[in-house]
Protein chains: 2
Amino acid sequence: MAKRNTKQRNAIRSAFIEAGRPLTSGEIHELVLSELPSVGIATIYRALKDLVQEEWLTSMTIGGSTRYELANLGHHHHFHCNQCDKTFDIKGCVGDLTSLVPNAFKILKHELTLIGMCQACNGEMAS
Amino acid sequence: MAKRNTKQRNAIRSAFIEAGRPLTSGEIHELVLSELPSVGIATIYRALKDLVQEEWLTSMTIGGSTRYELANLGHHHHFHCNQCDKTFDIKGCVGDLTSLVPNAFKILKHELTLIGMCQACNGEMAS
DNA sequence: ATCGGTGCAAAGGGTTTGCAGGGTA
DNA sequence: TACCCTGCAAACCCTTTGCACCGAT
């Protein structure tokens, strides 16, 4: 099961590195299409699955869509814009959460998503 | 568009009130099936859509599945058990989050999900 | 030359919709 | 009696899989 460096998978990896934010399968497909006009969506999905499996990517559901991003970003959370439907990373984190549930509940991790309007969409509103 | 009180929709409403936690469409279907053995899944989905629209329910995606719960529970968050795949409500909340994003981002709301093992599953582990 | 990856098309799972019949108001 | 709601089946969307060909190693 040695991995091969095809131009499709290289394009997918580049897209994630350049994007700097979580991407949906559709967004990735479009980004790769602009470079390789005949990539099929199945290729995208197969690559995404492999990349998640080898822990180069992680996946999450935000705003009703599955989104993928680099796995090596460390602990962080997300901001989702209702206007443009894009998701962004945010660095801060909330404090201790163990008091929120009874002791018999074991907390392994937590996910925090802020929802609102991003900088770009907010700027358009003002103008 | 006057709503009618059919036995199907009454059973759906009862299921949510008795459950006391978010339910997936499949869980609701099973609960209603035990009372009305011939309800179709389309009836469930149509009722869920109407109930969300009239703001009697809200929907969210947790643990990879769309889940529905009563809309009148006030601000709260969720705990998701990786073992049994059930989602529970928790009452506490985190503090001020405005400092997490630049001022140009407008925060309308936030969602926090704790992930781990619930009381019941944790108990089974110990025994 | 191998055999993993690709593209296409078909199959899957969850959700929605069209339609004729049934039941509430 | 009206007409909203229901059950069934087909349609849809997103994602996965089968298959023959392509191409990285």
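Every chain is numbered from 1 and lettered A, B, ... according to where its sequence line falls, protein lines coming before strand lines. Not measured: the values here are computed from a predicted model.
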### Message
Could you tell me if A/H78 and B/E111 have a donor-acceptor pair between their side chains, going purely by distance under 3.5 Å?
### Response
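Not at all, the side chains of B/E111 and A/H78 share no donor-acceptor pair under 3.5 Å.
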### Query
How does protein reach along nucleotides 16-25 of chain D, written 5' to 3' as B (base within reach of a heavy atom under 4.0 Å), S (only sugar-phosphate), or - (no contact)?
BBB----BBS
### Query
side-chain hydrogen bond (donor to acceptor under 3.5 Å, both in side chains) with A/R46: which residues, sequence neighbours excluded?
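For A/R46 there are no side-chain hydrogen bond (donor to acceptor under 3.5 Å, both in side chains) partners, ignoring immediate neighbours.
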What residues, two or more places apart in sequence or in another chain, satisfy ring pair (Phe, Tyr, Trp, His ring centres under 6.0 Å) together with [X]?
| X | answer |
| --- | --- |
| B/H80 | none |
| A/H29 | none |
| B/Y68 | none |

Roughly how many Å is it from [atom1] in [X] to [atom2] in [N], rounded to a whole number?
| X | N | atom1 | atom2 | result |
| --- | --- | --- | --- | --- |
| A/H29 | D/dC13 | NE2 | C1' | 15 Å |
| A/D50 | C/dT6 | CG | C1' | 12 Å |
| B/L48 | D/dC5 | CG | P | 14 Å |
| A/N10 | C/dG5 | CG | C1' | 12 Å |
| A/R9 | C/dG7 | CZ | P | 11 Å |
| B/L36 | D/dC5 | CG | P | 16 Å |

### Message
Is the phosphate of C/dG7 approached by A/Q8 (side-chain N or O, under 4.0 Å from OP1 or OP2)?
### Response
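The answer is yes; a side-chain N or O of A/Q8 sits under 4.0 Å from OP1 or OP2.
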### Task
Using a cut-off of strictly less than 4.0 Å between a heavy atom of the residue and any atom of DNA chain C, enumerate the qualifying residues of residues 54-67 of chain B by number.
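Contacts with DNA chain C under 4.0 Å: B/T66.
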### Query
A/H110 and A/H75: aromatic ring centres closer than 6.0 Å?
yes
#### Entry: Nearest-0.5 Å distance, CG of residue A/L114 to NE2 of residue A/H77
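The CG atom of A/L114 sits 9.0 Å away from the NE2 atom of A/H77.
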### Task
Taking atom NZ of A/K109 as the centre, report whether more than 12 heavy atoms of other residues, nucleotides or ligands fall under 6.0 Å from it.
no
